[in-house]
Amino acid sequence: MRAGHAISRWLVLLVALHAIVIFAGFFAPYDPTEQERKNPYLPPMRLHCVDSQGHFHLRPFAYALNLREGSFDQYEEDTARLLPVKFFVLGANYRLLGLVPSRWHLFGADNERIYLLGSDSFGRDQLSRFLYGGRISLFTGLLGAGVTLFLGLFVGAVAGYYGGWRDDLLMRLAELFLALPWLYLLFALRAFLPLAVGPLQAFFLIVAVLGMVGWARPARLVRGVVLSAKERDFVRAARGFGATDG
Amino acid sequence: MMHYLLRRSVHAVFLLIGVSLLAFAFTVLAPGNYFDEMRLNPQITPETIAALRAQYELNQPLPIRYVHWVSSVLHGNMGFSFAYNTPVAPLLLVRARNTLLLTVTAMLLAWGIALPLGIWSAERFGRLSDRLVSWGTAALLVIPDLALALGLLVIAVKMGRFPIGGMVSLNFENLSLAGKLRDLGFHMALPVTALVLSVLPLLVEHVRAAVAEVLGAPFLLAAEGHGIPRRTLLYRYALPAAANPLISLFGFSMGTLLSGSLLVEVVMSWPGVGPFLLEAILARDIYVVIGGVLLSTLFLVGGNFLADLLLYWADPRIRTESNA
Amino acid sequence: MVRTARANCSSWRIIFVLLFVLAALFTLPVAASPQQKNSKEELLVLPGEIGRSGGRLVVSLRAEPKTLNPLNAPDISSREVIGAMQADLVHINRATLSTEPALAKSWKISPDGLQYTLVLRRGLKFSDGSPMDADDVQFTFRVYLDEKVHAPQRALLIFDGKPISLQKVDSQTIVFQVPKPYAVAERMFDGCAILPRHLLEKPYKEGKIAQLGALTTAPNQWAGLGPFRLKEYVAGQRLALERNPYYWKTDTKGNRLPYLDELVFLFVPSADAQVLRFQSGETDVISRLAAENFSVLSRQQKDYTMVDAGPGLEYNFLFFNLSDPTEKTPADIVQRQKWFRDVKFRQAVSSAVDREAIVRLVYQGRGAALWGLVTPGNRRWADEKLPHPPRSVERARELVKEAGFSWGAAGNGDSWLQDSGGKPVEFSIITQSSSAERSKMAALIQDDLKQLGMRVQVVPLESRSLLDRVTETKEYDACVLGAASTDADPNVDINVWLSSGGLHLWNPSQTHPATPWEAEIDRLFNAQMYARTFEERKKLYDRAQEILWENQPMIFLASPDILTGAKKSVGNFRPAVLEPYVLWNVEQLYLRNEAVNATR
């Protein structure tokens, strides 16, 4: 019961995380590639509700940051310039789910940009980059793990269950895959691909490479388990009742 | 049994040949070669580069190069390094020794911690202490290895207690034996910690899952009913029953002894095969790379072989199958 | 038999000499003058801070050196180590960038500029104690000039296809004959380390000289004329050098240099780890710092001497693929090359690039914007008449309009540049993934060109793959790359300037100059090589720089400062803008009192 509860809680969290990155365009306040060169290396802006005079603001705000003199990456808060957080604002263009053009963003600020996670060396918004980048990482990871697991389960199960020459062949193949200098193959692969690869192609390429490189390890684990499981009573029983290998 | 050993050895030889052939093919497919970087050196003329390429047989067809390389391996040289201008084998062996010192220690430590911790946690499955362990391992798993290694380094700089890299101090030769061991230990502390922390979560989770699964098995319940002490129950009965996936995992641990510590070695400047091979890969010092691949394949084969032997020995179900 | 006897004898001799030198060192302050004491030796007296002898200096190298052999050392680490172990006849002073006497105490040029007469110092000895004379010099140059050895130095010794020749006059005097009067022929001697004939002649005759000098060489099998000699090598970890007791320089007080007893190179394979080890006190000096790390260390000023030596000789640039398409070149690249070949297109890109932002954001202000190949660090040769226009997107827009491009509206309200055929201007810029700086430059350029309506994709590639595309397959659109001159003199960049050169990257190794302006640059550059006076050369070289600017085959971006640091205890620390930035005066570096006694 409790385990089930915990799992569903984690599941909700995972789904929420994926939803946020799927709709990165909406949740990210800015275009992840847009540079604001006067603001490199900003630290994350802190949100306040009480200003320096002690007044309470219902709408949370951040202070604009000023570069400390004689420095390149040290900033201090300018308590005279308040950046109130606005919700559901119009901003940079994006396509929701890659289809619906939209300009709506969850939040933003007037006049100046608000950097909740700071900015990078070109003044690009880290939060936006994080969300957009997360889209690729999460889904390639998910899909890559899926492909890896599927291949690993399949190969491992076949090897473990049938044994004999199939086992030998598949396991030596797994060893071969574990041993090869993949970095070189990737270099070579890169050389054969066109220079500018579209984002979608790149996505599937990463998934394919992850799957190709990764299946050997789970395959060996699965094989070991199958090897032992197939002598268990329930498998024998199933065989006795006429179940076939297929 | 003899027959099995023989068969595995023959397989291993075929695997090594396959790996070396494919590694050769990969290195040829990859763009560029060692002498490319010289093109950026204004002093070196294209003619010199062409002559060097010819001298190192880079113009020869692949089969010929492969045959030459194989004969070099049989002579114990494992080919010639372009960069170092010497045979590969001695270069590689010194560094492999350093890497093994690090990884064997780390592996022993990691398994030494993971087994009791995983069993302890599995025994309390679902309780607070178990969940604490789970969270701990999950947190460790989430931290990228690079951040882990760099974080450790920063802590070490702050503390000023541990050396920041390298394997021994400059005055190592003048130390007494005890002093040498102490010095080596101090240098190993950080990289070993980083390695252990990076593999520990996986090991603990696997041990925990495997043991937790068998703990509910009827034979253990029966054993418990017979009044067998808890400790004996866990280590004598539950652990062997849960050993199957763990043994495969142990095989992997063995297989990655040479290749698994690359990142830690680079960050902590440990003089192992990691930084050496990385540089060779980027510089296209191909015989060094192929030599490294071959050496780590040996470990892989050895690890898997050992795992299979252990499986055979530990799991009676497999034994019956093989004899059948 | 004979060999072992000699080895024994020489090791005894070394011990005796060491004792003698030690004794001499202790009595020196009392002795009247070094000239009197060593009447047979003509030592070079170096001005500078008087240091104290002893101690060990620890330096980190990013990569392990590969060889000790000056005949085949293409990598930086090997060059750095060899630099401390070898010496040349005439040396380029890294601080003043001019030539000065080294093993040769003087040289004379004949009126026709064809003969260089070099006179060696008397009493020179290799680091193993054997004497050095004109025979060693003759042997050395015979090896360098031998085609079968493939020494990189050979290219420097060939003029117009003809090699230099040399003749021994007596044991101290050699006459070098150059086939053609050449502007700065004495600079060719820098980097030609004089080799020990007594050790290398036999292997040379057996054709094995290139294989010598492995790091595992026994210290008594290797010798040089530099301030340090081989002591110990530990694979993967460190290379230790010890002071060469026969070194031929002294300070003004007559103390024989180098001051340091030992120089240790640690191999630390990552830049961050190098900084950490410097911070933890395990290394004494650090060079090639990134701007971020430099500012972090500068905040701890009290512990370190941090020196920004100013812009070095590294130039970073963007270039387009202007090579002749072959049947293998993909059609879309050939198509885009039509844009790249238009000088107005390249000028527009140059005008749209924000160099000031590159300096500020990539180098944190520790660098210089660049409009030509010669960096501000090279004051003598930079063309001050070269225009330095600030960034202007308007000017760029005018230029592309003149070239026949126009703007079309994209779906979302942005406007994109298109050529006269209506094809949108899209291309990719490749760059080295290993260089964070260049990747950043490419990202900035991408954004700059977006404002012009160009759609640019940045493709980071691993270094060899990139070089293969640029020099072999020619499958690329544009590329951001950097190079560093190895000397202030223009001649070292010959392969960049000449259309036949391999580093003429936009269209390398041409058999005939592809364009009139490239032919003109060839002519000017060759003329300056053989011009006799500096003024004449400068005029020709300036003109070449201007033609390069007008045609923009390379769009120059920025040059980083040379950033270095040392512990406060390191004396005579005077980093230069030429390699080796920190160790160029290693014989003068010393550790102040407190550091010598401290045990590590």
Side-chain angles (χ1 to χ4, degrees), chain B residues 30-49 51-52 55 81-86 90-91 94-95 98 150 153-154 156-157 160 162-173 265-276 278-279 281-284, chain C residues 56 58 63-64 66-67 69 72 74-75 147 150-156 191 210-211 213-216 234-238 240 264 266-270 272-273 276-277 279-280 282 434 462-469 471-473 483 485-486 492-496 501-503 509 599-600:
Chain B
N33 64 60
Y34 176 76
F35 302 100
D36 274 350
E37 194 83 359
M38 292 185 180
R39 291 170 199 273
L40 283 189
N41 184 338
Q43 287 189 4
I44 302 179
T45 60
E47 294 79 58
T48 306
I49 295 174
L52 282 170
Q55 187 187 327
S81 160
F82 302 142
Y84 289 83
N85 222 336
T86 54
L91 292 172
V94 179
R95 288 161 180 87
N98 296 345
L150 280 176
L153 272 188
V154 170
V157 171
F162 292 101
I164 306 306
M167 193 163 126
V168 293
S169 299
L170 288 176
N171 57 355
F172 186 73
E173 291 308 316
E265 287 181 10
V266 170
V267 173
M268 309 222 172
S269 40
W270 185 264
V273 283
F276 180 63
L278 189 69
E279 200 191 338
I281 285 176
L282 293 178
R284 302 286 189 278
Chain C
R56 166 163 69 197
V58 186
E64 207 171 328
K66 305 296 179 291
T67 175
N69 192 339
N72 55 9
D75 61 300
E147 271 184 313
H150 307 305
Q153 288 90 339
R154 184 168 183 270
L156 294 174
Q211 273 89 56
L215 294 161
T216 46
V234 185
Q237 301 188 52
R238 65 174 186 271
V264 177
L266 290 184
F267 315 143
V268 182
S270 85
D272 293 328
L276 280 172
R277 295 188 86 166
Q279 273 182 310
S280 74
E282 287 174 45
S434 56
E462 163 267 347
S463 189
R464 305 277 155 158
S465 306
L466 179 131
L467 285 177
D468 193 58
R469 278 183 192 266
T471 59
E472 287 285 305
T473 64
S485 309
T486 49
V492 293
D493 290 317
I494 179 166
N495 283 318
V496 183
L503 278 175
S509 311
T599 48
R600 249 189 294 260

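Since the model is a prediction, treat every value here as computed from it, not as a measurement. Each chain gets a letter, A, B and so on, in the order the sequences are listed, and its residues count up from 1.
Heavy-atom distances place the backbone of C:V492, and not its side chain, under 4.5 Å from chain B. When heavy atoms are compared at a cutoff of 4.5 Å, B:P90 does not approach chain C at all. Contacts of C:A235 with chain B are made by both backbone and side-chain atoms, with heavy-atom separations under 4.5 Å. For C:T67, no part sits under 4.5 Å from any heavy atom of chain B, backbone or side chain. There is no contact between B:A156 and chain C, counting heavy-atom distances below 4.5 Å. With a threshold of 4.5 angstrom between heavy atoms, B:M38 approaches chain C through side-chain atoms but not through N, CA, C or O. Residue contact with chain B, scored on non-hydrogen atoms closer than 4.5 Å, involves the side chain of C:E462 exclusively. For a residue to count as touching a neighbouring chain, one of its non-hydrogen atoms must lie under 4.5 Å from one of that chain's; by this rule B:V267 touches chain C with the backbone only. Contact annotation for C:L215: only side-chain heavy atoms (C-beta onward) come within less than 4.5 Å of a heavy atom of chain B. For a residue to count as touching a neighbouring chain, one of its non-hydrogen atoms must lie under 4.5 Å from one of that chain's; by this rule C:N72 touches chain B with the side chain only. Interface remark: B:N33 contributes backbone atoms only to the contact with chain C (heavy atom separation under 4.5 Å). Contacts of C:L156 with chain B are made by side-chain atoms alone, with heavy-atom separations under 4.5 Å and no backbone atom involved.
Within 6.0 Å of the CD atom in C:E147, the count of heavy atoms belonging to other residues, nucleotides or ligands does not exceed 12.
Within the model, atoms CD1 of B:I164 and CZ of C:R277 stand 8.0 Å from one another, a figure rounded to the nearest 0.5 Å. Here the CG atom belonging to C:L276 is positioned 9.5 Å from the OG atom belonging to B:S269, to the nearest 0.5 angstrom. Residue C:S463 holds its OG atom at 8.5 Å from CG of B:L282, rounded to the nearest 0.5 Å. Taking CG of C:L266 as the start and CG of B:L170 as the end, the distance is 5.5 Å to the nearest 0.5 Å. B:E265 contributes atom CD, which lies 13.0 Å from atom OG of C:S270 (distance to the nearest 0.5 angstrom). The CG atom of C:N69 lies 8.0 Å from the CG atom of B:N85; values are rounded to the nearest 0.5 Å.
Of the listed residues C:I494, C:T471, C:D75, the one with more heavy-atom pairs under 4.5 angstrom with chain B than any other is C:T471. For the set C:G191, C:P269, C:A240, the entry with the most heavy-atom pairs within less than 4.5 Å of chain B is C:P269. In terms of heavy-atom pairs under 4.5 Å with chain B, the best-connected choice from C:D468, C:L466, C:T473 is C:D468. Considering only heavy-atom pairs separated by less than 4.5 Å from chain C, the leading option among B:I49, B:N98, B:L52 is B:L52. Counting heavy-atom pairs closer than 4.5 Å to chain B, the top residue among C:G213, C:A155, C:S465 is C:S465.
The closest donor-acceptor contact from the side chain of B:R284 to the backbone of C:R464 lies at 3.5 Å or more, if one exists at all.
Residues C:R238 and B:V168 form a side-chain contact, since some pair of their non-hydrogen atoms from C-beta on lies under 4.5 Å apart. A heavy-atom distance below 4.5 Å is found between the side chains of B:E279 and C:K66.
The two atoms that bring C:E282 and B:G165 nearest to each other are OE1-O, 4.1 Å, heavy atoms only.
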